[in-house]
Engineer: 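The structure follows.
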Amino acid sequence: MVNQKGVQVAPSLLAADFGNLAGCLRPVESASPAVADFWHLDVMDGHFVPNITMGPMMVAAVRRVSALPVEAHLMVWEPEKFLPAFAQAGVFRILVHAESTVHLYQLLQQVREHGCQAGVALNPGTPLAVLEEVWPLLDVLLIMTVEPGFGGQAFIPAMLDKIARARREIARRGLQTLIEVDGGIAPDTVGSATAAGARILVAGTAIFGQPQAAQAAAALRQAAERGMGMGRR
């Protein structure tokens, strides 16, 4: 089970070494104390974002070499067409973009009907107002802190206010929705993100792009927990 309290770290498979997947993931997964809670899979179709990445077969490949759960982040048009395949592949959560559909409420219901937790991702320019009617359906809100499509981008500082406003709205509604952030997450940005209200941190190059991935993930978690403590003051 994924820990629902405190900070969660989700290394992004986009930055992993696909030629040595087991060797890349194993040191991060086996670190003690734990440094990763689950894997984050970025799915891109070359249309919704200008890149093409991984599909359900990658979920199967990861599950063969790792016991950690996998979350699928669908950066695709017509995401409803992809739900059955990813659910069958074994992801525990599916995130869809609000910008990718005109039937967001129905889409989130479909995610749940496939037995997965449901989340919505928002691009930097998309306001929280689009969630007005779907808040009760959200297990997770993913606030993109870069424009989606490519790894290694710089964190957009203006997103900190968006995270804080989302945190206040969740509290006002009495919900348990977790705030996830993705993009430019590194030890120098993660503290401010968790202080603002983020609790799930997606990081790719900040973990797999470092010489010692497990130590990098541990440093990220420590910086995030310090920021969370500051946010509670």
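In this text, all values refer to a predicted model and were calculated from it rather than measured experimentally.
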Engineer: Would you call L131 and L122 a side-chain contact if the rule is heavy atoms closer than 4.5 Å?
Structural biologist: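 Result yes, sub-4.5 Å side-chain heavy-atom pair found.
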Engineer: Looking at side-chain heavy atoms only, is the closest gap between E180 and Q8 below 4.5 Å?
Structural biologist: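 No, too far: nothing below the 4.5 Å cut-off.
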Engineer: What closest approach, in Å, do F208 and A213 show between heavy atoms, and which atom pair accounts for it?
Structural biologist: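 Looking at all heavy atoms of both residues, the closest pair is CD2-CB, 4.3 Å.
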Engineer: Does the E99 side chain pair with the main chain of N123, one donor and one acceptor, at a distance under 3.5 Å?
Structural biologist: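 Such a contact is found between E99 side chain and N123 backbone.
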Engineer: Strictly distance-based, threshold 3.5 Å: is any side-chain N or O of R112 a donor or acceptor partner for the main-chain N or O of L137?
Structural biologist: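 Here the side-chain-to-backbone pair exists.
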Engineer: Looking at R26, I want to see if its CZ is surrounded by more than 12 non-hydrogen atoms of other residues, nucleotides or ligands under 6.0 Å.
Structural biologist: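 No, the 6.0 Å shell around CZ holds no more than 12 heavy atoms from other groups.
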Engineer: How about D182 and I200: do any of their side-chain heavy atoms sit closer than 4.5 Å?
Structural biologist: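 No, their side chains stay 4.5 Å or more apart.
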Engineer: Give, for atom CG of D139 and atom CD1 of I94, the distance between the pair rounded to the nearest 0.5 Å.
Structural biologist: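 If we round to the nearest 0.5 Å, D139:CG and I94:CD1 are 11.5 Å apart.
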Engineer: Can any side-chain N or O of N51 pair as donor or acceptor with the backbone N or O of G46 at less than 3.5 Å?
Structural biologist: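 Judged by distance alone, no pair lies under 3.5 Å.
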Engineer: Determine whether V62 and L13 satisfy the following criterion, side chain to side chain contact (heavy atoms under 4.5 Å, CB included), listing intermediate values before the conclusion.
Structural biologist: CA-CA 9 Å; V62 171; L13 296 168; 3.7 Å; yes
Engineer: Do the side chains of F155 and V190 get nearer than 4.5 Å, heavy atoms only?
Structural biologist: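 Not touching, per the 4.5 Å side-chain cut-off.
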Engineer: Could you go step by step and tell me if R221 and E225 meet the side chain to side chain contact (heavy atoms under 4.5 Å, CB included) rule?
Structural biologist: CA-CA 6 Å; R221 184 184 290 277; E225 289 174 345; 3.6 Å; yes
Engineer: Quick one: does E29's side chain have a donor or acceptor within less than 3.5 Å of a partner on A67's backbone?
Structural biologist: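 Indeed, once roles are kept as given, a pair shorter than 3.5 Å links the two residues.
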Engineer: Distance-only, no hydrogens or angles: does the R63 side chain make a donor-acceptor pair with backbone N or O of A89 under 3.5 Å?
Structural biologist: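 Present.
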Engineer: Would a 4.5 Å heavy-atom cut-off, applied to side chains only, mark V76 and H47 as touching?
Structural biologist: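 No; the side chains remain at least 4.5 Å from each other.
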Engineer: Within a 6.0 Å radius of atom CZ on F18, are there more than 12 heavy atoms belonging to other residues, nucleotides or ligands?
Structural biologist: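 Enclosed: over 12 neighbouring heavy atoms sit under 6.0 Å from CZ of F18.
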Engineer: The test is side chain to side chain contact (heavy atoms under 4.5 Å, CB included); show your working for M44 and H73 and say whether it passes.
Structural biologist: CA-CA 9 Å; M44 308 180 194; H73 174 194; over 6 Å; no
Engineer: What closest approach, in Å, do V7 and A224 show between heavy atoms, and which atom pair accounts for it?
Structural biologist: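 Of all heavy-atom pairs spanning V7 and A224, the closest is CG1-CB, 3.8 Å.
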Engineer: Do NZ/NE/NH1/NH2 and the carboxylate oxygens of R173 and E169 come within less than 4.0 Å?
Structural biologist: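 Result for this pair is yes, salt bridge flagged.
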Engineer: Mark yes when over 12 heavy atoms from residues, nucleotides or ligands other than Q88 sit less than 6.0 Å from its CD; otherwise mark no.
Structural biologist: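 Check fails, neighbour count at 12 or below.
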Engineer: In terms of relative ring orientation, are H97 and F48 parallel, tilted or perpendicular, with 30° and 60° separating the classes?
Structural biologist: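 Aromatic pair H97/F48 classed tilted.
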Engineer: I want to check something: taking the side chain as every heavy atom from C-beta on, are D45 and I52 in contact at a cut-off of under 4.5 Å?
Structural biologist: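 Side-chain contact under 4.5 Å: no.
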Engineer: How many angstroms lie between atom CD of Q106 and atom CD of E80, to the nearest 0.5 angstrom?
Structural biologist: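 If I round to the nearest 0.5 Å, the distance is 8.0 Å.
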Engineer: Could you go through T126 and M144, starting from their C-alpha distance and side-chain angles, then the distance that decides it, and tell me whether this counts as side chain to side chain contact (heavy atoms under 4.5 Å, CB included)?
Structural biologist: CA-CA 10 Å; T126 303; M144 294 299 300; over 6 Å; no
Engineer: What's the shortest heavy-atom distance between E133 and P136, and which atoms?
Structural biologist: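 E133 and P136 have their closest heavy atoms at O-CD, 4.4 Å.
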Engineer: Would V59 and V202 show up in the same hydrophobic cluster when neighbours are defined by side-chain heavy atoms closer than 4.5 Å?
Structural biologist: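 No; V202 is not reachable from V59 via cluster members.
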Engineer: Please tell me if the side chains of V35 and P33 come closer than 4.5 Å, counting only heavy atoms from C-beta onward.
Structural biologist: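 Not touching, per the 4.5 Å side-chain cut-off.
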Engineer: What closest approach, in Å, do P124 and I156 show between heavy atoms, and which atom pair accounts for it?
Structural biologist: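 That would be CG-CD1, 3.9 Å.
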Engineer: Do S12 and D42 get their side chains close enough for a donor-acceptor pair, meaning under 3.5 Å?
Structural biologist: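 The criterion, which ignores hydrogens and geometry beyond distance, is satisfied for D42 and S12.
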Engineer: Rounded to the nearest 0.5 Å, how far apart are OG1 of T53 and CG of L14?
Structural biologist: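 CG of L14 is found 6.5 Å from OG1 of T53.
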Engineer: Distance from C116 atom SG to F92 atom CZ, nearest 0.5 Å?
Structural biologist: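 Reported value, rounded in 0.5 Å steps: 9.5 Å.
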Engineer: Are any non-hydrogen side-chain atoms of S100 and L74 less than 4.5 angstrom apart?
Structural biologist: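 They are not in side-chain contact.
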Engineer: Backbone N or O of E147 within a donor-acceptor pair of the Q153 side chain at under 3.5 Å?
Structural biologist: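 Side chain of Q153 to backbone of E147, a donor-acceptor pair under 3.5 Å: yes, one is there.
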Engineer: Looking only at heavy atoms, what is the nearest atom pair of V49 and P148, with distance?
Structural biologist: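 Nearest pair, atom of V49 first, then P148: CG1-O, 3.7 Å.
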Engineer: State, without any angle test, whether W135 and T177 hold a side-chain donor-acceptor pair at a distance under 3.5 Å.
Structural biologist: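 Absent: no donor and acceptor within the cut-off.
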Engineer: Rounded to the nearest 0.5 Å, what's the gap from CG on L128 to NZ on K162? Could you check?
Structural biologist: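 One gets 6.0 Å once the value is rounded to the nearest 0.5 Å.
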Engineer: Taking side chain to side chain contact (heavy atoms under 4.5 Å, CB included) as the criterion, tell me which of V140, I179, T194 meets it with R199.
Structural biologist: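 It is T194, the one option of V140, I179, T194 that forms the side chain to side chain contact (heavy atoms under 4.5 Å, CB included) with R199.
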Engineer: With distance as the sole test, does T189 use its side chain to make a donor-acceptor pair with the main-chain N or O of A186 at under 3.5 Å?
Structural biologist: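 Confirmed, T189 side chain pairs with A186 backbone.
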Engineer: Return the minimal non-hydrogen interatomic distance between P187 and A223, and the atom names on each side.
Structural biologist: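 The pair with the smallest heavy-atom distance is O-CB, 3.8 Å.
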Engineer: Between F38 and R93, is there a cation-pi geometry (under 6.0 Å to ring centre, at most 45° from the normal)?
Structural biologist: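 That pair qualifies as a cation-pi contact.
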Engineer: Any chance you could measure E113, atom CD, to L83, atom CG, to the nearest 0.5 Å?
Structural biologist: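 Interatomic distance, E113 CD to L83 CG, rounded to 0.5 Å: 10.0 Å.
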